[in-house]
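Before any comments, here is the structure.
Just so it is clear, the model here is predicted, and its values are computed rather than measured.
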Amino acid sequence: MAEKKFSTTSGIEIKEVYTQPSAMDELPGEFPFTRGIQKDMYRGKAWTMRQYAGFSTAEESNKRYHYLLGQGTTGLSVAFDLPTQIGYDSDHELAEGEVGKVGVAIDSLKDIEILFDGITLKDITTSMTINATAPILLAMYIALAKKQGADLKQISGTIQNDILKEYAARGTYIYPPAPSMRLITDVFEYCSKEVPKWNTISISGYHIREAGSTAVQELAFTLANGKAYLKAALDKGLDINVFAKRLSFFFNCHNNFFEEIAKFRAARRMWAHITKQLGATDAGAQKLRFHTQTGGSTLTAQQPLNNIIRVSNQALAAVLGGTQSLHTNGYDEALSLPTEAAAKIALRTQQIIAFESGVTDTVDPLAGSYFIEALTDDIEKAAQIYIDKIDAMGGAVKAIEQDYIQQEIAASAYQYQNDIESGEKVLVGVNRFTQQEDAALNVFRVDDSIRKMQTEKLNTLKNTRDNQSVAASLQQLQEAAKGKQNLMPFILTAVEHYATLGEIADTLRHVFGEHS
């Protein structure tokens with residue numbers, strides 16, 4: 001009988017026993033930061049506890065934000081609906097059936113004012129999961145901060161702004177790659193001068209993993225995208241020691257506990273070497289800072305309360321891996337948007353890990369583990385093979401254009417599904433330990449009437465704003481887009497005159513075209 005082999009989800013073989021660790025003479029806070037980017041890590045300050053939230057109208061989402069802040073969340077994380085993500089106002093024909101469904105509907109600065117009503121932007125950090133329209137949403141946030149009288153040099157937060165993974169794994173792109181990269185580097189340049197504490201991109205492995213990649217592929221493709229953004233900014237003449245300090249990452253955390261921890265440790269080490277090779281000499285520009293979200297695709301509709309244990313396992317792995325920020329999923333998210341009760345349990349999961357488990361008392365507590373050190377090395381080697389292939393193709397943009405990354409993800413997703421259906425991979429409550437389901441949980445649904453409400457607000461806005469100023473600002477944006485000027489000041493001016501998100505996106509569509 002053949003001996004059973006054990007491996008991680010990425011296919012890295014796991015030995016029965018590990019007897020000798022790698023050479024580990026580095027300290028936390030020192031290059032290449034395998035053990036963490038701060039010397040004291042959570043002994044000094046816990047990670048930022050975020051709960052991803054946004055649904056329906058700005059008014060309804062505002063209520064959820066106040067609730068979460070009242071429960072002890074330490075940063076906001078905004079989810080936007082699909083029309084907002086792809087540059088359509090709520091009254092656009094392609095927005096029908098999607099307004100407010102997977103996030104909050106934002107059509108103009110007026111909605112942003114309502115979304116953050118009663119919340120002082122200088123006192124919180126805000127993460128916004130937005131990509132193709134990231135410059136517009138950032139401009140709206142800046143405009144509101146100005147109206148609140150905030151010092152723009154002090155406001156902080158993150159926009160995802162990662163378009164390459166949209167082409168590869170998610171699909172909410174608008175413009176072709178070249179103008180999309182221009183918009184991204186325009187944000188880098190503008191924020192380095194005007195909003196220096198803002199994280200100008202969150203390079204996202206999360207959606208690559210959700211699309212079906214392995215942990216190694218998530219790491220490799222994310223860092224390859226990161227290299228592409230570094231090179232694009234360098235080509236624009238930006239200083240890597242300045243702009244690279246404001247790059248952050250967004251990783252997934254799945255169920256294979258040790259593989260996820262090793263993935264995060266390998267990511268820091270690899271990014272430190274990548275930035276150094278491209279000219280970064282400042283330690284701050286060499287550090288990989290990242291947000292983690294627990295694995296949405298790991299949640300099951302069957303026996304949904306089991307998801308509380310899955311999320312706890314994933315959250316603990318993220319903390320032991322050294323995350324700077326964490327969002328824990330609600331147990332009911334395989335069925336609907338999270339209810340308040342599910343969101344509260346998800347937040348309490350983080351708080352229990354932070355304040356009761358003791359894992360935050362020392363830095364990188366698993367360092368020196370024979371298994372963790374070997375697995376960190378193995379994951380780094382496997383990811384580097386992918387990165388070398390992508391470099392040989394001419395970088396991430398070329399690899400995406402050649403469909404290489406998409407095909408690799410699709411093959412892994414297919415294999416994963418086959419393993420579930422064959423029973424090779426056990427999913428508790430799905431293909432083993434199943435039972436007759438109890439009565440359905442209460443689920444959270446967004447009513448289709450939201451689109452009518454948003455359309456009415458849009459009509460009121462267009463009847464009361466200075467339409468002559470709006471038209472002039474959009475014309476100025478269009479002319480700037482035809483040239484080489486930084487577009488952020490023009491977008492900000494249009495936003496402040498209450499041009500809508502769709503009007504601004506359409507102005508850029510007129511110049512840049514659409515990617516297909």
Side-chain angles (χ1 to χ4, degrees), residues 54 58 76 78 80 83-89 103-116 119 121-122 125-163 172 174-175 179-180 182-202 246 458 461 465-466 469-481 485-512:
L76 296 177
V78 183
F80 299 95
T84 303
Q85 292 181 50
I86 53 178
Y88 294 127
D89 289 334
V104 62
I106 299 294
D107 292 320
S108 73
L109 174 58
K110 187 70 70 178
D111 284 325
I112 287 288
E113 291 167 356
I114 296 167
L115 187 67
F116 293 103
I119 298 170
L121 300 191
K122 69 180 178 63
T125 65
T126 303
S127 173
M128 295 190 280
T129 303
I130 196 75
N131 297 284
T133 53
I136 305 172
L137 269 298
L138 175 59
M140 290 180 181
Y141 195 88
I142 291 170
L144 177 58
K146 287 170 68 176
K147 290 186 78 168
Q148 289 186 354
D151 179 357
L152 297 186
K153 296 286 194 291
Q154 299 302 317
I155 66 167
S156 60
T158 304
I159 43 171
Q160 194 163 101
N161 203 24
D162 174 9
I163 205 65
T172 64
I174 302 174
Y175 316 110
S180 292
R182 173 189 172 181
L183 285 167
I184 288 166
T185 54
D186 279 358
V187 170
F188 289 179
E189 182 180 48
Y190 177 84
C191 288
S192 67
K193 298 169 185 172
E194 304 297 333
V195 199
K197 289 191 174 182
W198 195 269
N199 295 323
T200 51
I201 191 169
S202 177
R246 302 311 332 159
L458 275 167
L461 175 73
R465 68 186 182 180
D466 182 346
S469 295
V470 171
S473 65
L474 292 174
Q475 182 62 36
Q476 289 166 359
L477 173 62
Q478 182 169 312
E479 292 306 311
Q485 291 172 276
N486 190 305
L487 297 180
M488 274 302 295
F490 297 94
I491 294 171
L492 180 58
T493 298
V495 158
E496 290 181 319
H497 285 302
Y498 291 91
T500 70
L501 174 128
E503 289 169 337
I504 295 168
D506 282 347
T507 299
L508 296 176
R509 278 187 180 98
H510 184 73
V511 179
F512 297 151

Of the non-hydrogen atoms in [X] and [Y], which two are nearest, and what is the gap between them?
X    : Y    : value
R246 : P196 : CD-O, 2.9 Å
K147 : E113 : NZ-OE2, 2.8 Å
L501 : T84  : CD2-O, 3.7 Å
L508 : A481 : CD2-CB, 4.0 Å
A58  : D111 : CB-O, 3.3 Å
G87  : R509 : O-NH1, 3.2 Å

Which word best sums up how the rings of Y141 and F116 line up, parallel for under 30°, tilted for 30 to 60°, or perpendicular for over 60°?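 Plane angle over 60°, so perpendicular.
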Counterpart residues, ring-ring contact (aromatic ring centres under 6.0 Å, His included), relative to Y88 (two or more places apart):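 Y88: ring-ring contact (aromatic ring centres under 6.0 Å, His included) contacts with H92.
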Taking ring-ring contact (aromatic ring centres under 6.0 Å, His included) as the definition, give me every residue that meets it alongside Y498, ordered by chain and number, with sequence neighbours left out.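 With neighbours one apart ignored, the set is empty.
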For Y190 and T200, run side chain to side chain contact (heavy atoms under 4.5 Å, CB included): C-alpha distance rounded to whole Å, both residues' side-chain angles, the deciding distance at 0.1 Å, then the answer. CA-CA 9 Å; Y190 177 84; T200 51; over 6 Å; no
Measure the spacing between [atom1] of [X] and [atom2] of [Y] and express it to the nearest 0.5 Å.
X    : Y    : atom1 : atom2 : answer
Q478 : L487 : CD    : CG    : 11.5 Å
I159 : S202 : CD1   : OG    : 10.0 Å
I136 : I504 : CD1   : CD1   : 5.0 Å

Run the side chain to side chain contact (heavy atoms under 4.5 Å, CB included) test against A145 and tell me which residues pass, sequence neighbours left out.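 Checked A145 against side chain to side chain contact (heavy atoms under 4.5 Å, CB included); matches are L121, A150, L152, I155.
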Partner set under side chain to side chain contact (heavy atoms under 4.5 Å, CB included) for E503, not counting sequence neighbours: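 E503 satisfies side chain to side chain contact (heavy atoms under 4.5 Å, CB included) with K462, R465, V470, L474, A499, T500 only.
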More than 12 heavy atoms of other groups within 6.0 Å of K153 NZ: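 Count over threshold, so yes.
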Does T507 have any side-chain hydrogen bond (donor to acceptor under 3.5 Å, both in side chains) partners at least two apart in sequence or in another chain, and if so, which?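 For T507, no residue satisfies side-chain hydrogen bond (donor to acceptor under 3.5 Å, both in side chains) once neighbours in sequence are set aside.
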Heavy-atom side-chain contact between L76 and M128 under 4.5 Å: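 No, too far: nothing below the 4.5 Å cut-off.
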Any pair counted as salt bridge (charged side-chain N to carboxylate O under 4.0 Å, His left out), so long as it reaches residues 134-144, sequence neighbours left out: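 Output for this query is empty, none listed.
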Using side chain to side chain contact (heavy atoms under 4.5 Å, CB included), reason through I130 and N161 one step at a time and then give a plain yes or no. CA-CA 6 Å; I130 196 75; N161 203 24; over 6 Å; no
Show the numbers, then the answer: is there a side chain to side chain contact (heavy atoms under 4.5 Å, CB included) between T133 and I86? CA-CA 7 Å; T133 53; I86 53 178; over 6 Å; no
Under the criterion side chain to side chain donor-acceptor pair (under 3.5 Å), I'd like the reasoning laid out for Q154 against K197: C-alpha separation, chi angles, the key distance, then a yes or no. CA-CA 6 Å; Q154 299 302 317; K197 289 191 174 182; 2.9 Å; yes
For L138 and M488, run side chain to side chain contact (heavy atoms under 4.5 Å, CB included): C-alpha distance rounded to whole Å, both residues' side-chain angles, the deciding distance at 0.1 Å, then the answer. CA-CA 9 Å; L138 175 59; M488 274 302 295; 4.1 Å; yes
